[in-house]
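Residue numbers begin at 1 in each chain, while the letters A, B, ... track the order of the sequences.
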2 protein chains.
Amino acid sequence: MSLKYALLGIIDTRGRPISGYDIKKAFDSTMQFYWNATYTQIYSTLSRMHEEGLLNMEVISQESHPNKKVYQITSAGRDELAEWVAKPLELQRIRNEMLVQITLADRVDSERFVRMLEEYILKVRETLAVLQSNEVQSIVERARTERERFFWEVSLNKGVMTYERELEWAERVLKTYRARFGD
Amino acid sequence: MSLKYALLGIIDTRGRPISGYDIKKAFDSTMQFYWNATYTQIYSTLSRMHEEGLLNMEVISQESHPNKKVYQITSAGRDELAEWVAKPLELQRIRNEMLVQITLADRVDSERFVRMLEEYILKVRETLAVLQSNEVQSIVERARTERERFFWEVSLNKGVMTYERELEWAERVLKTYRARFGD
DNA sequence: CTGCCCATGTAAATGGTTACATGATTGA
DNA sequence: TCAATCATGTAACCATTTACATGGGCAG
């Protein structure tokens, strides 16, 4: 479960106490292109990590809003994070539903297949637009050292790259399909 | 759950009755680069699909080996498969543990980080070698129509491409890291 | 006055992994 | 004689998604 470590990483990087709600937002704006999580998952993982002693928790009473719980990393948490980060990098096991569909696509008629691909291409383009926006790119500016900045840049760019390749690939498949099986 | 449809696809493509054990092998040799499943998952999914009426099942008694259950697709199964295959292609949600590690890699010392990347590069190379082997590439030869062959080729090549890009990327990161943060 | 933001959670279901069990056959 | 192959499964666990619940504040 690397959600645990992603959360530890965000909390540690922040430094100041942070609520689950704000962690989710930080999560979505930094790691959304290679990891994602729902509130349900984040809240329950945070309580478990608190029980395990990886996080300190404090309840902040608020009047015009619900109370909130803010978390900070403990030294045990920092140790566990450091240990995890230094583990060997494993190949991601792949799980691509779309490729299963394409493998079996002989069961779909031509017109429909072409439309499926076209719509897919639009979706990839939309995602790419978000990724290439200044807002996302400016995350990297908040790095505190040149080295940290390097790591952030590399991860973000990998996300962008992945979608760029996806787009090229889908466009090429569409073109080839049309050339070979008419339109 | 697209394991269900991957299995239906394999059983339907085969035509003849096939056991869970053999499905696993077919699975590993055709879709392993974009989907995977354990025996546990395959056996339990097959019984459920049988209950749902998507598969016919027959027990084959054998002497010198354990009995086996062989499955064939029903027309209800074929209908459900055709319906699923024609669904819109969705963007894969990404889940890349390695990128989480790299984002937080400022907590790792240089020597260790370089070694992690080097080992990662070796793993990617090994996987690529398997993918580019003749054995894998020859799967495509078993397609029965030109169009089916096109779909199989496209999916397989996407797998190969993904790992080729991964390799290039990792090598580039390593080179850049060395240039900027010494060795 | 509608809908989104703040903030946290429970419950249930689904999906997926890991460990364990069985036991004959076959090839190196 | 050792390991691999054949063949299927149960049990327990971990991870993830979806649906539901609460209720004030604030902007258009």
Side-chain angles (χ1 to χ4, degrees), chain A residues 1-8 10-11 17-29 31-32 34-52 55 57-71 84 90-97 100, chain B residues 1-8 10-11 17-29 31-32 34-52 55 57-71 84 90-97 100:
Chain A
M1 196 229 325
S2 68
L3 173 61
K4 179 168 157 180
Y5 301 102
L7 296 178
L8 277 178
I10 285 168
I11 296 169
I18 182 171
S19 68
Y21 190 83
D22 288 332
I23 289 172
K24 163 77 170 154
K25 288 197 296 181
F27 209 82
D28 286 349
S29 70
M31 295 183 179
Q32 65 173 309
Y34 43 93
W35 204 267
N36 61 53
T38 58
Y39 282 116
T40 307
Q41 232 185 320
I42 290 173
Y43 288 129
S44 62
T45 305
L46 286 173
S47 348
R48 220 198 42 236
M49 288 196 289
H50 177 234
E51 278 166 33
E52 285 174 14
L55 298 177
M57 190 264 282
E58 201 192 339
V59 179
I60 307 280
S61 301
Q62 295 185 120
E63 281 165 20
S64 57
H65 281 297
N67 291 347
K68 58 166 142 180
K69 298 179 177 174
V70 292
Y71 296 90
W84 178 79
E90 299 296 340
L91 274 203
Q92 295 315 116
R93 72 163 154 32
I94 294 150
R95 192 146 282 194
N96 195 327
E97 196 163 316
V100 177
Chain B
M1 197 226 325
S2 69
L3 174 60
K4 180 168 156 179
Y5 300 102
L7 296 179
L8 277 178
I10 285 169
I11 296 169
I18 182 172
S19 67
Y21 190 83
D22 287 334
I23 289 173
K24 163 78 170 156
K25 287 196 298 181
F27 208 82
D28 286 350
S29 70
M31 297 183 178
Q32 65 172 311
Y34 43 93
W35 205 268
N36 59 54
T38 58
Y39 282 117
T40 308
Q41 233 186 317
I42 290 173
Y43 287 129
S44 61
T45 305
L46 286 173
S47 349
R48 220 197 43 237
M49 290 196 287
H50 177 235
E51 278 167 33
E52 287 173 14
L55 297 176
M57 190 263 282
E58 202 192 339
V59 179
I60 308 279
S61 302
Q62 297 185 121
E63 280 164 22
S64 59
H65 281 295
N67 291 349
K68 59 167 143 180
K69 298 179 178 175
V70 292
Y71 295 90
W84 178 80
E90 300 295 341
L91 274 204
Q92 295 314 117
R93 73 161 154 32
I94 296 150
R95 194 145 282 196
N96 195 325
E97 196 163 317
V100 176

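For D:dT17, one of the phosphate oxygens OP1 or OP2 lies less than 4.0 angstrom from a side-chain nitrogen or oxygen of B:Arg93. Within the 4.0 Å cut-off from OP1 or OP2 of C:dG15, not a single side-chain nitrogen or oxygen of B:Gln41 is found. The phosphate of C:dA7 has OP1 or OP2 within less than 4.0 Å of a side-chain N or O from A:Gln62.
Of the two residues contacting DNA chain D, namely B:Arg95 and B:Tyr71, the nearest-nucleotide position lying further toward the 5' end is that of B:Tyr71.
A:Arg95 meets the side chain to side chain contact (heavy atoms under 4.5 Å, CB included) test with B:Trp35, B:Asn36; sequence neighbours excluded. Residues passing the side chain to side chain contact (heavy atoms under 4.5 Å, CB included) test with A:Glu90, sequence neighbours excluded: A:Pro88, B:Lys123. Residues satisfying the side chain to side chain donor-acceptor pair (under 3.5 Å) test with A:Tyr5, not counting sequence neighbours, are A:Glu80.
In this structure, B:Ile42 atom CD1 and D:dA7 atom P are separated by 14 Å, rounded to whole Å. Atom OH of A:Tyr21 is separated from atom C1' of C:dT8 by 11 Å (rounded to the nearest Å). A:Asn67 places its CG atom 14 Å from the P atom of D:dG25, with the value rounded to the nearest Å. In this structure, CE of A:Met57 is placed 15 Å from P of C:dA7, rounded to the nearest angstrom. Straight-line distance from the OH atom of A:Tyr39 to the P atom of C:dA11: 21 Å, rounded to whole Å. Remark: P of C:dG15 and CE of B:Met49 are 12 Å apart, rounded to the nearest angstrom. Atoms CD1 (A:Ile23) and C1' (C:dA7) sit 13 Å apart, rounded to a whole Å. For the pair B:Glu97 CD and C:dT17 C1', the computed distance is 14 Å after rounding to whole Å.
Every pair passing salt bridge (Lys or Arg N to Asp or Glu O under 4.0 Å) that includes a residue from residues 36-51 of chain B is listed here, sequence neighbours excluded: B:Arg48-B:Glu52.
Contact of the A:Leu55 side chain with the A:Leu8 side chain is registered, since non-hydrogen atoms from C-beta on lie closer than 4.5 Å. Side-chain atoms of A:Trp84 and B:Val100, non-hydrogen and from C-beta on, do get closer than 4.5 Å to each other.
Residue contacts for A:Arg48: at a heavy-atom cut-off of 4.0 Å it reaches no nucleic acid atom on any strand shown. Residue contacts for B:Lys25: at a heavy-atom cut-off of 4.0 Å it reaches the sugar-phosphate backbone alone, with no base atom in range.
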### Task
Using a 4.0 Å cut-off on protein heavy atoms (strictly under), produce a 5'-to-3' string for nucleotides 18-25 of chain C with B for base contact, S for backbone-only sugar-phosphate contact, and - for none.
BB---B-S
Listed pairs under 3.5 Å, donor-acceptor, residues 18-28 of chain B side chains, sequence neighbours left out:
residue : atom : partner : partner atom : Å
B:Ser19 : OG   : B:Asp22 : N            : 3.2
B:Ser19 : OG   : B:Asp22 : OD2          : 3.3
B:Lys24 : NZ   : B:Asp28 : OD2          : 3.4
B:Lys24 : NZ   : B:Ala37 : O            : 2.8

